[in-house]
Participant: 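Submitted below is the structure of interest, expressed as structure tokens.
Only this structure's heavy atoms are used, side chains among them; waters, hydrogens and symmetry mates stay out. Labels below follow one simple rule: chain letters A, B, ... track the order of the sequence lines, proteins then strands, and each chain is numbered from 1.
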Amino acid sequence: MRLTPEQVQKVAELARLQLSLDERERYAEQLSAVLGYFNMLNSLDTVNVSPTSHALMLKNVLREDQVRPSLSQQQVMSLAPELSGELVAIPRTFEG
Amino acid sequence: MKIYELNASEIHKGLRHKDFSAREVAQAHLYRIEQTDKDLKAFVTVTTEQALRAADAVDAKMSRGEELHPLSGIPVAVKDNMCTTGVKTTCSSKMLESFVPPYTATVVNKLEQAGAVVLGKTNLDEFAMGSSTENSAFFTTRNPYDLERVPGGSSGGSAVAVAAGQAVIALGSDTGGSIRQPAAFCGIVGVKPTYSLVSRYGLVAFASSLDQVGPFARTVSDAAWALEALAGHDPLDSTSVPNAPVDWSQPLDKGIRGLKVGVPREYFADGMEPAVVKSVREAIKVFECLGAEISEISLPHTSYALPTYYIIAPAEASSNLARFDGVRYGFRAEGATNQEELISLSRSQGFGPEVKRRIMLGTYALSNGYYDAYYGKAQKVRSLIKQDFDNAFSQVDIILSPTSPTTAFKVGARVNDPLSMYMADLCTFAVNLAGIPALSLNCGFVEGLPVGLQLMGKAFSEMMLLQAAFAYEQTVKLPQLPVFKGGLPNV
């Protein structure tokens, strides 16, 4: 399986990454090598194997809903790169 | 004997006998960092003031005649992907270069509550993705046995801090070998606990079904004390297990007479450095001399662990790292004209090349049309790998193997070839996929470089692994601190 720089660009868009032309070509080459290596998995018959998503089969963990202290708005908002009053500021989303 | 050469149980004894104060212990280690870290570059942040305050609190407690926890006054280092309130937590990434968390990881809280003295935060491969610390956005940590070589990774800074006497114990995280492989390269003990034994709350997530926090130490006994302090259910981590069946009251020196030891032939096959294999074979003979029953076993799906890991881990990473968008916290790029550009510019400038590579690998493996072929397939093969271990542990108690196919490699030797870098963790991936515990300890030297012996056990068999490692360690008595080359002072 060889990835083209165009396919790499498509994946980068899905992942919200901007790549230079140079990066697209380098990643196409490197990711193709890695994906090629992955092909060895196809030699295994897994038709009757069920998937493992977690090593220990933990059941859904629920707890009582309790009111308790959490981080203050000020503590959390102070982490934002840019604020406008009490709100997180970002560039304009809509024209107008 | 210098203070920085002492292990935790020696410091504990010294504190109780008033041979020195906790402040003197902290100062000795801070001075050691000052003297050696220009060359080793293990620390991203050193928290001198907080450390001295914590040490003073231990001294005050002692002067009031209170009992000391075995970790009280013990200098520890924390991998910089675990949150610390008021102290930068960078993940060695430009993305979090100035991130100061408003909360503390449970593992750090537990150490602090035991009275441990946190000296600072250590360097790692960016977001724990790598095997050498060369993917750190800041600098590469150096191996204390040879400054031209890597310390292993991703928890390279923590491994070096302990190996070089900058700290007595350190925390690392292990997703595919990131505690065990640097422990092997630096000649110390590193434990990857059973998945769910130790809380992940406050550990910056990489691959949530594989990540586990564990300790580094220079002795098995220190590692055991640290692991006991770290383990336990945490209501803040829904994957942490309540009432884990580990009996911490068992003695470490129980001995290994009659212990059934499996040696998997797949871990001694092609691609392993012959001198490493020889060293590990000699270690296995020691186990035999101590009364263990050795038998060859097979883990037939071993060679599939690498591709399986490099589908599952990046897939989970691509999802976990989606939160870094330049909006609410972390790095924000300048000059974006709209929201979408803000996100993609911030991510492109904030993440380094390996992190981007893995995000793309994971995004691809999860994308429409490829999901079944890659992610779905990998999850099924993960079941087969887990089954291998289930079958093996129906015959043997523990499994021995090399921790890494080679000793520490030269800085720069593998940076341009991702696949060869991924091979450095060939012997450690399967353990994370199966969720079982494993530890690495030094079993000798090849051309002056440490070789790691890996002990694997079934889920929650940590005590058995520690007892086996202890028996070996007490028999061979290898040196615990390197003799520095390259002009490092043994101050």
Side-chain angles (χ1 to χ4, degrees), chain A residues 1 3 7-8 10-20 23 26-27 30-31 33-58 60-63 70-72 74-82 88-95, chain B residues 99-100 102-103 194-196 209 235 238-239 241 301 303-304 306-308 310-311 318 322 325-332 336-345 347-348 351 356-357 359-361 363-364 367 374 376-384 386 418-419 422 433-436 459:
Chain A
M1 172 91 217
L3 276 185
Q7 283 172 303
V8 168
K10 173 95 192 308
V11 176
E13 280 168 21
L14 290 172
R16 301 291 183 273
L17 291 169
Q18 280 191 13
L19 301 183
S20 65
E23 281 179 308
R26 197 167 57 246
Y27 282 132
Q30 290 174 336
L31 295 178
V34 175
L35 290 172
Y37 194 80
F38 290 173
N39 283 337
M40 70 185 284
L41 294 181
N42 294 331
S43 66
L44 284 175
D45 178 7
T46 51
V47 176
N48 295 317
V49 179
S50 50
T52 296
S53 57
H54 256 255
L56 301 170
M57 293 301 177
L58 280 175
N60 207 3
V61 178
L62 300 172
R63 63 164 172 79
S70 61
L71 295 173
S72 70
Q74 194 270 331
Q75 275 175 307
V76 176
M77 296 300 281
S78 68
L79 298 170
E82 197 183 337
V88 175
I90 56 165
R92 192 178 290 277
T93 306
F94 300 105
E95 297 299 321
Chain B
F99 172 61
V100 179
Y103 68 101
T194 306
Y195 183 81
S196 81
S209 82
S238 63
T239 60
V241 71
H301 296 95
S303 61
Y304 300 101
L306 189 151
T308 303
Y310 272 101
I311 292 170
S318 73
D325 55 9
V327 173
R328 294 151 303 150
Y329 63 103
F331 173 78
R332 176 181 286 198
T337 54
N338 60 53
Q339 186 206 356
E340 203 155 314
E341 201 177 54
L342 174 79
I343 295 174
S344 61
L345 275 180
R347 289 167 64 79
S348 305
F351 291 136
K356 287 187 215 174
R357 195 149 44 223
I359 289 175
M360 288 199 292
L361 207 51
T363 304
Y364 182 76
S367 64
Y374 290 104
K377 183 81 181 179
Q379 282 195 314
K380 289 180 169 189
V381 181
R382 185 175 182 180
S383 302
L384 296 175
K386 195 167 176 286
L419 208 48
Y422 298 169
L433 292 167
I436 59 174

Participant: Please tell me if the side chains of B/T239 and A/H54 come closer than 4.5 Å, counting only heavy atoms from C-beta onward.
Facilitator: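 Yes, at least one pair of side-chain atoms sits under 4.5 Å.
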Participant: If you count heavy-atom pairs under 4.5 Å between each of B/V100, B/T308, B/I359, B/V327 and chain A, which one has the most?
Facilitator: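 With the most close heavy-atom pairs to chain A, the winner is B/V327.
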Participant: Please find the pair of heavy atoms, one from A/P51 and one from B/S383, that lie closest to each other, and give the distance.
Facilitator: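 Reported closest heavy-atom pair: C-OG, 3.5 Å.
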Participant: Quick one: CG on A/L17 to CD1 on B/I343, what's the gap to the nearest 0.5 Å?
Facilitator: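 A/L17 atom CG to B/I343 atom CD1 measures 11.5 Å (nearest 0.5 Å).
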Participant: Name all residues meeting the salt bridge (charged side-chain N to carboxylate O under 4.0 Å, His left out) criterion together with A/R26; count only those two or more places apart in sequence or in a different chain, and write none if there are none.
Facilitator: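 Testing A/R26 for salt bridge (charged side-chain N to carboxylate O under 4.0 Å, His left out), a comparison that skips the adjacent residues, returns A/D22.
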Participant: Within this structure, what is the CG-NZ distance for the pair A/L19 and B/K356, rounded to the nearest 0.5 Å?
Facilitator: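 Here the rounded value is 6.5 Å.
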Participant: Working to the nearest 0.5 Å, report the span between CG of A/L41 and OH of B/Y374.
Facilitator: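 Going from the CG atom of A/L41 to the OH atom of B/Y374 covers 9.5 Å.
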Participant: Is A/S43 in contact with chain B via its backbone, its side chain, both, or neither, using a 4.5 Å heavy-atom distance?
Facilitator: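 Just its side chain gets close to chain B.
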Participant: Which answer fits A/Q30, side chain, backbone, both or neither, if we ask what part of it has an atom under 4.5 Å from a heavy atom of chain B?
Facilitator: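 Just the side chain, heavy atoms under 4.5 Å.
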Participant: Do side-chain atoms of A/R16 reach the backbone of B/D325 as a donor and acceptor pair under 3.5 angstrom?
Facilitator: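 It does not hold such a pair.
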Participant: Which heavy atom of B/A336 sits nearest to which heavy atom of A/P91, and what is that distance?
Facilitator: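 The pair with the smallest heavy-atom distance is O-CG, 3.8 Å.
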Participant: B/P418 versus chain A, heavy atoms under 4.5 Å apart: side chain, backbone, both or neither?
Facilitator: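 Just its side chain gets close to chain A.
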Participant: Specify the closest pair of heavy atoms between A/A55 and B/G435, including all atoms of both residues, with the distance to one decimal.
Facilitator: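 Where A/A55 meets B/G435 most closely, the heavy atoms are CB-CA, 3.5 Å.
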Participant: Can you tell me which portion of B/L433 sits under 4.5 Å from chain A's heavy atoms? Options are side chain, backbone, both or neither.
Facilitator: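 Only the backbone of B/L433 comes within 4.5 Å of chain A.
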Participant: Test B/R332 against A/I90 for side chain to side chain contact (heavy atoms under 4.5 Å, CB included), laying out the working first.
Facilitator: CA-CA 10 Å; B/R332 176 181 286 198; A/I90 56 165; 3.8 Å; yes
Participant: Taking all non-hydrogen atoms of both residues, which atom of A/P81 and which atom of B/G326 are closest, and how far apart?
Facilitator: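 It is CG-O, 3.7 Å.
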Participant: Quick one: side-chain hydrogen bond (donor to acceptor under 3.5 Å, both in side chains) partners of A/S72, sequence neighbours excluded?
Facilitator: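 With neighbours one apart ignored, the set is A/Q75.
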Participant: Tell me, side chain or backbone of A/E23 under 4.5 Å from chain B's heavy atoms, or both, or neither?
Facilitator: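 It is the side chain, since no backbone atom gets that close.
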Participant: Please check if atom CD in A/E82 has more than 12 non-hydrogen atoms from other residues, nucleotides or ligands closer than 6.0 Å.
Facilitator: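 Yes, enclosed.
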Participant: With rounding to the nearest 0.5 angstrom, report the CG to CG distance, B/L361 to A/L31.
Facilitator: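 The CG atom of A/L31 is 6.0 Å from CG of B/L361, to the nearest 0.5 Å.
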Participant: At a heavy-atom separation under 4.5 Å, does B/S318 approach chain A through its side chain, its backbone, both, or neither?
Facilitator: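 No part of it gets close to chain A.
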Participant: By the definition side chain to side chain contact (heavy atoms under 4.5 Å, CB included), identify the one residue from A/D45, A/T52, A/T46 that meets it with B/L384.
Facilitator: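 It is A/T46; the other options fail the test.
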Participant: What part of A/V11 is in contact with chain B, defined as an atom under 4.5 angstrom from a non-hydrogen atom: side chain, backbone, both or neither?
Facilitator: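 Interface part for A/V11: both.
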Participant: Find the distance between CG (B/L419) and OH (A/Y37) and round it off to the nearest 0.5 Å.
Facilitator: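 Between atom CG of B/L419 and atom OH of A/Y37 there are 6.5 Å.
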Participant: Taking all non-hydrogen atoms of both residues into account, name the closest pair between A/Q18 and B/S344 and its distance.
Facilitator: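 Closest approach of A/Q18 to B/S344: NE2-OG, 3.2 Å.
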Participant: For A/V61, which atoms come within 4.5 Å of any heavy atom of chain B: side chain, backbone, both, or neither?
Facilitator: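 It is the side chain, since no backbone atom gets that close.
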Participant: Report the distance from atom NZ of B/K380 to atom CG of A/N48, rounding to the nearest 0.5 Å.
Facilitator: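 One gets 8.5 Å once the value is rounded to the nearest 0.5 Å.
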Participant: Which region of A/L44, side chain (C-beta onward) or backbone (N, CA, C, O), has a non-hydrogen atom less than 4.5 Å from a non-hydrogen atom of chain B, or is it both or neither?
Facilitator: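 Both backbone and side chain.
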Participant: So which part of A/Y27 gets closer than 4.5 Å to some heavy atom of chain B, the side chain, the backbone, both or neither?
Facilitator: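 Contact with chain B: side chain only.
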Participant: Below 4.5 Å from any heavy atom of chain A, which atoms of B/S303 appear? Answer side chain, backbone, both or neither.
Facilitator: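 Interface part for B/S303: both.
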